[in-house]
Every structure is written in C-alpha cells, then in structure tokens.
Amino acid sequence: MTTHILAPSGDPYGITGFQSLSGGQPLSLRTGSVPKQPPADYVAPRWCPNIDVLAVSEGRALRLVRLSGGHTIWRRTLTDGQSRTSHDTDKRPNTSQAIRSIAWNPNGTTIAVLHANGLLVQRDSTRGDIVHETQTDIDDAVVAMEWVAGKIPEPDADCAEQMVEFSLPKLSPIDRGQSPPCHVNAETEPPTAIVITCASGSVWVCLGGIFSLPPAHLPPGQLEGFVAVDARLVQDSASLAVYLENDGTAHSDIDQPSVSLCTVDTSILSSSLPLLHSLVPLSARLSALCLYLDNTLDALFAEATARHENASRSFLLRTFEGLLRDHGVDDATSPMAELSRLALTGRASEPTSQFLLAKLKSTKLNNWEHAGRQGAVALTRLIYQHAQPAVERTILAASRLLDIVHTHKSSTRDGAERTRGIILRAIVVLGWLHARLDECMTAVREEQQENQEFVDWALFTIDDLHWQNEGSRRLGNDGNDDADDGLRPVRPEIEYDILFRFFRKTFGGCSDDTGPQSLILDMLHRNDASDTGSEQFHRAYFDAVIDAAHMDALSIAQQPTNTNAECQNDKKLFEFVFHSQALLDTARANCGDDSGLSDGPPTCTEALKEVKLLMSQALEWPSRVLGDSLQWNTVPSLTCPMPLASKDGADLLSDMHYVASSNDPSGGTMYTATVSSSQHLVLLSTPSEFNHEPTTARIELVVNVAASNSDTQQAPISVLALSFFDDQVLGILFTIDGCNEPFLGTLEYQRGSGSVVYQNSAQCVKDHTVNKLVFARLLKVAGASATAPATLVCNGKKGRRCVAVVEKCGRSWWPFDMDNEEDSDEDSE
C-alpha cells in the first residue's frame, strides 16, 4: 500500500530528503541467523567521531563496520581478545560477557566497551586488540556512557620531570595482531574520562578509563522513586545533566508519572589539576604495559611449548629406552651409559647403532636441532626485545607514580605511606621478574649450546658408524679397528664436558618433568598454580624477597631534598632491581627449606599477576586523594508531570542534546525529547545553568495522509526511534498503520525555528497548547520492515553528516547522507 504524507501546504512531502549511501539497498550486518526480537538490554550503535565507522553491539560481540560498502572491519568478543582481568579478578557468580554500553575515545583511536561483569575494556579501533582493561563494580543497567577529553594545563617543570619515561622509544608490536602500548604525551594530549550513568542514578567516572572516582549515588528525598533514563555532559563537561522519570507509584508526594532533570557536579573533568594531568596518562601507561607484558608472556609460553614439542629431549630418551627393551638389554644398562661408552671408545652396541642410524638419522637430527634453534631465536627475541624492555618501562612508570605520591601534599587518611609501600613492593617484584627472565635466557643459551654439541657429535658418529660398517669391509675386516682407507670421517673438536652434561640431563634418568626444556616452561607458567594455597605461597615468597631486599635501606623510599639526590636514588634503585644477581640469590637463600617456602619460586606469570594486583591497589590512592569529586545537586532543576509511553525506563523513547552557546562556552541549552503516552512528542528546553524554569513544546504525533478518494485524513504515527542529529534537527523514525515500511523524518526543534513554539511548562499544560508535526525532510526507508524494532544514530559531522537506521535484531542497516546537497558537487567531480 502506498501512503502519501501531506505537508501543511497540502502537497505530498518529497521523498528525496536524504541521499542513500547504499544505493537504496540495505547493508548486511550478520550473515547467519539473527534473533527475531532484540535483547531487553539493547545497546545503541555509535559512530566513530572522526571516521565513517559504526560500532555495533551483538550480545557478547562488538562489530565495527565501514560506511563504504558496509564491510566488517573486525568482530571481537572477550574470549578472543586475550582478556585477563575478567578471568583473574572477577570472582562474582553468574558473570556475563554481554556488552552493556560502548563509547568512542574523542580522538577515534580506541573504543571503550563495558561488559555485564563490570569489565571495562578499551580496544584499538584498527585491529580490535585490547589495550586497557579495568574491573569496575558496576552491576546496574547503564543508560549513558560518554568518553570526554579534559583540559591541558600550563606546562610546568614538575610535570615535565614526572613524564620523562614517555620519551622512550616505543616497544615494537609482538605480531601483526597486537599493538604496542599506547604512548600518551602528557604535554600535548588532554586527560580523558569515561562517564557512566546507571539506571539507579549512580554516576561513575573512570579517569583515563583506568581508575575510578568514588561514584555519586542518587540522593534520597525529592528524587526518591526516580530512575535515570539518559544523561549528557554540559558546560564543557563541568556538569552532567541526568534525565529521570517516575511512574508515580514509588513516591508518596508524586501521584502521577513525571520527569525530572537533575545535575551532577563533574567540574573535575574540566579542571586543569596538575595531579589529574599527571595521573591519568601515567595510569594508562601502567595499565597498557601490564597488558603488554601479559601478551608477551603468553607469546613466550606458546613459543617455549612449541619448542618443547618439536625439539623435545624426552623424545630421544623414549626412543633409546624402547630400543634397549626391544633388544632385551639388561635394565642396569642405561642410554646414558651406552652413549658415554660410544663417545669414549668410538664403539657402539647394536641398540646404540640403531638409535643413531635408523631412528635419528642425519636428516632427523638436523631437523630436531633446527627446531630447537629457531625456538631459541624466537624466545631470545621475545625476552630481549619485548619482555625485559616492557618490565623496565613499567618500573620507570611505577617510579614516577612513586614520585607523585612523595611530592603530593595529602592528609594521612589518603594512605600515602601505604601506597608508597605498595609501589616499592611492585618495583621489587618487577626487578625479580627482570632477573628471572635473565635466568630463562641463560637456560635457553645453555640448552642450545648442549643441543648443538650433541648434534655435532652425533652427526660425526653417524658418519663414522657408516664407515665402520662399509669401510672396514673394504679393508678385509682383518680385525684392525684402527685401519683407515683414507675415507674415515675426521673427529671434530668436541667439548666433552658440555656433551656429557647433555647426556646427564637427557639420558641420566631425568624425567620429562625435570628436564631443562620443562624448566624453561616452569619459569614462565604453571597450569596448576591457580589454587588458594599457591597464591598464599607466592605472596609469602615475595614477602620474603622484599624483606631480604632491605627496602627500608633504599633511599628512594625517603623524601629527596634536591634533584641530584633524586637522580642518585633512581640510579640506586635501578642498579638494585636490574643489575644485581644478588636479588635472586638472596631470594633463594631466604625461601629455601629452612623458611618453609621450598616449593620452588613462582613463575613469571605469577609474578606479573602479583604486580597487577599491587598496581590496582596503588591506583586506589588517586581515587582517595581526589575524594568526593562527584556530587549530585540535591534539588532537581525541574520536575514536571508527563504521561509516559512506558513504565519501564529502559523502553522510554527519549533523547537529550546540549546546544552550546557560540558567545559563552559555559552557557547553552539542554534539550530533551520524550514520547508520551498521550500521543505527543514533548520537548523541554532548559538553560545550562539549570536555575530557570524550562520551556515546553508539545507536538501532536499525527500526520495528514492522502486517502484513496483524494480526501485528506489524519493518521496517528507510531514512533520507533528518535535522536537529536545536531543543533537544529531532531530525527524521528516512525510507522503508519497500513504501511509496510517505516519513514524517516527530521524536525527543526530549536526555539525561533518557526516549526515549534515553546511556552512556560505550567502554561503549556494548562492551555493544552499543541504544535503540529511539520517535517523539514521526509524519506521512506525502502526495504525496512515497519514491524522490526530499529534505532537511529547520526555521526553529526558538519558537511558530512550521516544518519544510520539500524535494525535492533542486527540483520541490516541503511545509511543516509544528510548533507547530500553540499556533497553533490564533489560527487559529480
């Protein structure tokens, strides 16, 4: 059925109000099966602020699609994103990886994803790699999440001194699928914050996406019974305007559905506090480095495991023992004794000959040695180019955090002394990790040297055994073992101490669990090290290490009196944690049998886990120092009756938009749009000071349509979605009974636009003043279903504004150019 919507002039609206960017065809999001109904906690898509990329939530997965052609850039879930915090620290039952909200970094390089288990993840927009992750205590429905940039303070000497480590060269990526830690230039890049508003009215601010301020909870009293439905930052992020609704059943003073607008003081986001300016990039640096170390240790363990499988010494032992059994050799004869006798006498028994000639052969030996050598090269690269430099940079960043704690004048309740002890503990554990990685490299070098010596000897022995089998027959086999026809292989220079060390480790009765290759694996990771007893042992072990390190003797723990003293303290600290093998020696001496800690040292992974726990504790200090920076205004800016379209705040059709003043950056107007159950679109216009009575405009959701008999009749519309596109236009996606496809229209909502008349709120209700619905543009969304729930999202870039109609079930979407008139000349060129 063709439905013609009529303009006030009586003529049909033109249907070319928007230019389709997909040739009038829908773009596909999912190729497989899609749910028939959207989830109850549906998360709206978000445009990237500076490139035409749309982020779409699909339950547990996040998909990034490009406007050009609608191609998927990447799709990620927590399980394929190497997330650790969700597994290591989240102990709550019934955890979920479902996405609760998404927000883009203002520079478009990263996107924040909040999951239902409280994990806040930041992903690189290029590949989808996790670059930061923070475990929060958010366990409520999220109604709004914004990522904003703060102010850049005036540079000062203290700030420059604290941020020395950011001039270090970048770490190279581990592989194509991983990005190195981000480098934040504290002198040119503003600190950022992620602001999260929950339905309960709790407001969380996560500075840099790393550490959270104490949340501001909805105050009781006049706001009791209200739930938040939306929120927007205003006045240069100095205030957060929260839109709340009450269905009239939860408060004795409110006996009818009402809406309220209240504000939260978020002036800390627009301040230029040096402490804030230093802590945000520094905490981001520490978080990125810890995650980078996590990825590096995973890559190290994977390489060591592959090397253990492809160049395993246990394979040699099992093969030789099998040959001895097949030949009925006495159990007293060992592979080590057989090979040692061959090395000393040059004569081989039948099992030994078969082992070298039939089972190993020259080709297999070369392949075995090549696999071990390639694995050793990979381990060397990962340790020297990735793991140890990342540890060094982490210690640098931790020492800068220590400087900040030293120099900041805070009260004792802030726990500065405790924080200093935590940071120093983390630095010592990092130094232990650095030395442990050195030990791992020493083990790799020694093992490869032993392997090479064995292979050189074995290759010569194989050639010599071939000559003994063939050359001695040519000489008539006269029993002269020293006879030589000139073709016998020349014995190479053999380091017999290294060769016999290989025999002892490989064939000397050592099981695979205690072999040198397994030792390297155990240095990195243990699969059975996650129980409570192990965690207590690791903590006790590091307690003993720190006690042995005589932390009280480190002058770094004392307040420096001048720059030279501070440099000397840094030097002493770095010499202690980097260049002192005594750290590990002391650890062994104090964690041996007499100490009750004889289960062996922790692995590198366990050490890093301890560091991450300590750093998370250390970053609680900024939250305590900044204190109650977020405060709700106890008196709401406005509360007015409104018949709501739904009693469920999650389903309330509403949107908010802040229009800044061109003359006064701190001034402006907050607009809210809500669909009421009385078939009206209610617009509220409130000054940004929120101390004046708002003005209201009620728009009747009815349009004139051309009937089949050429008469005009009124038809109510059903709003599917609404969204403020920019400072002038409100977008409405709606359907009309009898029409199979939805319509997309725009309404000029500003005061003085001529389309909408605003009045005093009380007067508007008293006079029942109603505006007619007049569209500035109108388009039928071809191919969309009028019964399928959908949403609207606009990127809002002037001159290149694009609005997308996205089905909530995630099957298709339709992009439209709002500025096609401006772009038409470029397209023709």
Side-chain angles (χ1 to χ4, degrees), residues 5 13 15 17-22 24 26-27 29 38 42-49 52-57 65 67 70 101-104 143-146 229-230 232 243 645-646 650-658 671-675 681-683 699 701 703 717-736 739 741-749 773 775-797 800-820:
I5 301 178
Y13 281 103
I15 60 172
F18 302 92
Q19 178 182 353
S20 173
L21 295 174
S22 59
L27 298 176
L29 283 174
Y42 175 75
V43 178
R46 293 289 187 93
W47 282 106
C48 178
D52 292 328
V53 171
L54 186 67
V56 182
S57 169
V65 293
L67 175 60
S101 191
I102 54 180
W104 283 94
V143 298
M145 187 164 86
E146 292 185 78
V229 294
D230 207 348
R232 290 292 184 277
Y243 193 45
S646 170
D651 296 330
L652 184 68
L653 284 175
S654 65
D655 196 23
M656 304 177 69
H657 183 70
Y658 179 69
Y671 288 91
T672 62
T674 306
V675 177
L681 174 64
V682 181
L683 299 174
I699 303 172
L701 295 177
V703 294
I717 68 173
S718 177
V719 178
L720 298 176
L722 56 86
S723 174
F724 287 98
F725 288 168
D726 54 32
D727 291 351
Q728 288 85 31
V729 175
L730 171 69
I732 304 175
L733 184 69
F734 65 93
T735 62
I736 302 176
C739 186
E741 296 172 321
F743 291 86
L744 173 60
T746 59
L747 168 70
E748 295 179 353
Y749 64 88
L773 182 59
F775 293 108
R777 294 187 186 184
L778 187 65
L779 171 73
K780 180 181 288 187
V781 185
S785 172
T787 60
T791 187
L792 289 175
V793 57
C794 180
N795 65 357
K797 292 189 294 183
R800 285 188 54 81
R801 293 173 299 174
C802 175
V803 58
V805 177
V806 185
E807 288 184 341
K808 290 186 176 181
C809 64
R811 179 177 54 231
S812 304
W813 65 297
W814 293 259
F816 298 98
D817 187 355
M818 291 182 59
D819 300 312
N820 51 296

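Under a 3.5 Å cut-off, the side chain of S718 and the backbone N or O of T735 do not form any donor-acceptor pair. A donor-acceptor pair is defined here as one N or O able to donate and one able to accept, closer than 3.5 Å; such a pair exists between the side chain of S20 and the backbone of S22.
Of all heavy-atom pairs spanning M145 and S101, the tightest one is CB-OG, 3.3 Å. Heavy atoms only, all atoms of each residue included: I699 and L747 are closest at CD1-CD2, 3.4 Å. Scanning all heavy atoms of the two residues, the minimum distance from A103 to R46 falls at CA-NH1, 4.0 Å. Contact record, R232 with M656: NE-O, 3.3 Å, taken as the closest heavy-atom pair. Closest non-hydrogen pair, W813 versus G70, comes out as CZ2-CA, 4.1 Å. Nearest heavy-atom pair across C802 and L21 is SG-CD1, 3.7 Å.
You'll find the side chain of D230 stays beyond 4.5 Å of the side chain of T672, heavy atoms only. Two residues are said to be in side-chain contact when any heavy atoms from C-beta on lie closer than 4.5 Å; F743 and V703 fail this criterion.
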Would you please test W814 and L744 for side chain to side chain contact (heavy atoms under 4.5 Å, CB included) and show each step? CA-CA 11 Å; W814 293 259; L744 173 60; over 6 Å; no
Stepwise, does the side chain to side chain contact (heavy atoms under 4.5 Å, CB included) test hold for I732 with L681? CA-CA 10 Å; I732 304 175; L681 174 64; 4.0 Å; yes
The test is side chain to side chain contact (heavy atoms under 4.5 Å, CB included); show your working for L792 and V805 and say whether it passes. CA-CA 5 Å; L792 289 175; V805 177; 3.6 Å; yes
Can you check side chain to side chain contact (heavy atoms under 4.5 Å, CB included) on V806 and L29, steps first, answer last? CA-CA 9 Å; V806 185; L29 283 174; 4.0 Å; yes
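Annotation: side chain to side chain donor-acceptor pair (under 3.5 Å) contacts of Y749 (sequence neighbours excluded): none. Partners of E807 under the side chain to side chain donor-acceptor pair (under 3.5 Å) rule, at least two apart in sequence or in another chain, are R811. Here S785 pairs with T787 under the side chain to side chain donor-acceptor pair (under 3.5 Å) rule; sequence neighbours left out.
Put simply, OG on S723 and CG on L730 are 7.5 Å apart, with the number rounded to the nearest 0.5 Å. Distance check, rounded to the nearest 0.5 Å: CD1 of I5 to CD1 of I717 gives 8.0 Å. If you take OG1 on T674 and CG on L722, they are separated by 8.0 Å, rounding to the nearest 0.5 Å. The OG1 atom of T746 lies 13.0 Å from the CZ atom of F724; values are rounded to the nearest 0.5 Å.
Among V229, D655, V143, the single residue meeting the side-chain contact (heavy atoms from CB on, under 4.5 Å) criterion with Y243 is V229.
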